[in-house]
Amino acid sequence: MTKKRLAILGSTGSIGTQALSVVVEQNEHFEVEVLTAHSNADLLIEQALLHQPNAVVIGDERHYEKVFEALDAHFIKVYAGDEALSQVVQMDSVDVVLTALVGYAGLIPTLAAIDAGKNIALANKETLVVAGELVTQRAKAKGVNIYPVDSEHSAIFQCLAGEFHNPIEKIVLTASGGPFRGMNRTALANVTKAQALKHPNWDMGAKITIDSASMMNKGLEVIEAKWLFGLKPEQIEVIVHPQSIVHSLVQFEDGSMKAQLGLPDMKLPIQYALAYPDRLQNTFERFNFMDYPNLTFEQPDLQTFRNLQLAYDALNKGGNIPCVLNAANEIVVEAFLNDKIGFLQMSDVLADTLQKCTFVKQPSLEDYIASDAEARRLATDKI
Ligand code: NAD
Ligand code: MG
């Protein structure tokens, strides 16, 4: 295997930092060409000094001076602003783009990378929620592969190895259920953001941690799975599995089910996406059955956790509606994190936005951009 040269968008986040620890362990397989961060200039500088990329981007232009002064003497190019993201992913020296940035901000740079023919290791699920049809069509036209990083989708992708010609009957996405599993709506009305930010099994960025507590994360993953694996909504099931050991399952047309198991550690799916089709030896902790003698499964509670139902509804409606759902969700999660609304009100604002937004059946990129803006306005007004 020749060394793969990586652009890591969002290198200072949870996925970004874990990806860099994979790079350190697998330094004969990977090298870093580009690192980007939104506002954490100090960590970006530290990472750049260690990994010596060709270029870095700091999203928030107010930090440009600081990053430039720290890295210019080391011959590392420094850029700032959103547009720079779309330029650095197109550099000739980049082989794979890992999209580890959070939210809608991933869409435009991911499209730019696809247009330049770069393979994508996709952590940023929001890109496929917002514009899955457009993104997967462009990737197909360009002969670009999208390798899933999300643990459930990586599990399914791993189960499909050697089976790509066999039709899928259905897939089953596992969900931990988050910190509020089993609670009723009365109890949920009073949960705090500190409680919501404490995920039982995974240590992740704030947005996805709130999404996990509200089950929106699983809703976004249902939509992500549709586009990654070309499925109909009714072929995608969700089952709650509190131990997060079975990462997801595929059922083929003969009824046989394959699952992928392991400890909850994102470094494995990150490494698999970057090294595909190879499996690299590593030092990650190994799973022991005796530590988990009981693996359990439950039906998700769609009445209490309305967001998962809202996501299925959005997927069934199609067009720009998943984009609207994503935009409104980004607004409500931020409002919840800023103590502006309670936990249950997040679903209320989402439902209201979905009802009021303009429907576009076959959106262009411009339509998605307009829908995102409209949904943010509607949700903000409601809050
Ligand atoms: P995070 O908040 O820890 O990190 C986000 C990164 O994106 C940071 O480097 C930040 O600087 C950058 N960023 C934030 N806003 C930006 C903007 N507007 N423009 C450009 N860059 C921006 O998030 P995370 O938990 O690492 O999640 C990243 C993505 O991976 C999300 O889409 C998430 O759903 C997905 N994901 C994460 C995990 C996990 O375990 N953390 C698991 C599965 C999928
Ligand atoms: Mg996941």
Side-chain angles (χ1 to χ4, degrees), residues 7-21 34-48 56-61 63 67 79-86 88-89 98-110 112 120-130 147-157 173-178 197 199 201-212 215-225 228 238 241 244 246-248 260 264-270 272-273 326 329-330 333-334 337 372 376:
I8 304 180
L9 307 186
S11 63
T12 55
S14 161
I15 293 290
T17 51
Q18 293 180 84
L20 285 174
S21 67
V34 172
L35 296 173
T36 85
H38 189 58
S39 56
N40 192 343
D42 291 330
L43 183 54
L44 181 65
I45 291 167
E46 190 187 307
Q47 292 176 335
V56 303
V57 178
I58 180 80
D60 184 338
E61 300 182 15
H63 300 293
V67 180
Y79 305 100
D82 291 342
E83 274 172 34
L85 284 183
S86 296
V88 290
V89 294
L98 170 63
T99 65
L101 69 183
V102 60
Y104 173 84
L107 175 63
I108 303 294
T110 304
I120 308 290
L122 183 130
N124 179 254
K125 64 191 87 185
E126 293 92 344
T127 286
L128 289 183
V129 175
V130 172
Y147 302 116
V149 169
D150 215 345
S151 57
E152 297 77 1
H153 306 73
S154 174
I156 289 162
F157 188 56
L173 299 178
T174 53
S176 71
L197 283 169
H199 195 279
N201 305 339
W202 300 94
D203 184 10
M204 310 177 286
K207 194 244 172 195
I208 183 175
T209 306
I210 301 302
D211 284 344
S212 300
M215 292 293 278
M216 179 53 91
N217 183 50
K218 214 46 56 179
L220 301 179
E221 291 184 357
V222 167
I223 301 172
E224 179 186 15
L228 280 172
V238 171
H241 168 47
S244 299
V246 179
H247 293 311
S248 279
Q260 185 260 342
D265 179 353
M266 287 305 297
K267 292 200 296 302
L268 182 71
I270 293 168
Y272 189 76
N326 177 72
N329 184 55
E330 291 188 23
V333 169
E334 204 182 295
L337 286 171
D372 176 79
R376 283 170 197 272

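Atoms within each ligand, like the ligands themselves, are counted from 1 in listed order. Heads up: numbering here begins at 1 and tracks the sequence.
- Nearest protein heavy-atom contact of atom 14 (C) of ligand 1 is Val102 CG1, 3.6 Å.
- For Asn40 and Thr12, the side-chain atoms include no donor-acceptor pair closer than 3.5 Å.
- By heavy-atom distance, the residue among Ala41, Ala123, Pro148, Gly205 lying nearest atom 1 (P) of ligand 1 is Gly205.
- Ser14 has its side chain out of reach of Trp202: every pair of non-hydrogen atoms, C-beta onward, lies at least 4.5 Å apart.
- Below 4.0 Å from some heavy atom of Ser11 lie the following atoms of ligand 1, by number and element: 9 (O).
- Taking the six-membered ring where tryptophan is involved, the planes of Tyr272 and Phe157 are perpendicular, since the angle between them exceeds 60° and thus also 30°.
- Listed by atom number, the atoms of ligand 1 under 4.0 Å from Ala105 heavy atoms are 17 (C), 18 (N), 19 (N).
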For Thr99 and Val89, what are the C-alpha separation, side-chain angles and deciding distance, and is it a side-chain contact (heavy atoms from CB on, under 4.5 Å)? CA-CA 10 Å; Thr99 65; Val89 294; over 6 Å; no

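- When only non-hydrogen protein atoms are considered, atom 32 (O) of ligand 1 lies nearest to Glu126 OE1, 2.6 Å.
- Residue contact check: Ile15 has heavy atoms under 4.0 Å from atoms 26 (O), 30 (O), 37 (C), 38 (C), 39 (C), 40 (O), 41 (N), 42 (C) of ligand 1.
- For the pair Leu107 and Glu126, the minimum side-chain heavy-atom distance is 4.5 Å or more.
- The shortest contact between atom 34 (O) of ligand 1 and any protein heavy atom is with Lys125 CE, 3.2 Å.
- In summary, Lys125 and Glu152 do not engage in a salt bridge, as defined by a charged side-chain N under 4.0 Å from a carboxylate O.
- The residue among Ala100, Gly103, Gly16, Ser14 with a heavy atom at the shortest distance from atom 6 (C) of ligand 1 is Ala100.
- Geometrically, ligand 1 and Asp203 share no nitrogen or oxygen pair separated by less than 3.5 Å.
- Judged by distance alone, with hydrogens and angles left aside, the side-chain atoms of Asp211 form no donor-acceptor pair with the main-chain N or O of Met216 at under 3.5 Å.
- Distances from the Mg ion (ligand 2) to each N, O or S atom of Glu152 single out OE1 as the nearest.
- Atom CD1 of residue Ile270 and atom CD of residue Gln18 lie 5.0 Å apart, to the nearest 0.5 angstrom.
- For atom 43 (C) of ligand 1, the closest heavy atom belonging to the protein is Asp150 OD1, 3.1 Å.
- Rounding to the nearest 0.5 Å gives a distance of 12.5 Å between NE2 of His38 and CG of Leu44.
- Counting only heavy atoms from C-beta outward, the side chains of Ile120 and Thr127 never approach each other to under 4.5 Å.
- With Asp60, Ile208, Leu101, Asp82 as candidates, the residue nearest to atom 29 (C) of ligand 1 on a non-hydrogen basis is Leu101.
- Distances from the Mg ion (ligand 2) to each N, O or S atom of Glu221 single out OE2 as the nearest.
- Two residues are said to be in side-chain contact when any heavy atoms from C-beta on lie closer than 4.5 Å; Leu122 and Val149 fail this criterion.
- Ranking the protein heavy atoms by distance from atom 9 (O) of ligand 1 puts Thr12 OG1, 2.7 Å first.
- Atom OD1 is the N/O/S atom of Asp150 found closest to the Mg ion (ligand 2).
- Residue His38 touches ligand 1 through backbone and side chain together, judged by heavy-atom distances below 4.0 Å.
- Less than 4.0 angstrom separates some heavy atom of Met266 from each of these atoms of ligand 1: 40 (O), 42 (C), 43 (C).
- With Glu330 contributing its side chain and Gly103 its backbone, the two residues share no donor-acceptor pair below 3.5 Å.
- Neither the backbone nor the side chain of Lys207 has any atom closer than 4.0 Å to an atom of ligand 1 (non-hydrogen atoms only).
- Ranking the protein heavy atoms by distance from atom 12 (C) of ligand 1 puts Gly10 CA, 3.9 Å first.
- For ligand 1 and Gly13, the ligand atoms under 4.0 Å from any heavy atom of the residue are 1 (P), 3 (O), 4 (O), 8 (C), 9 (O), 26 (O).
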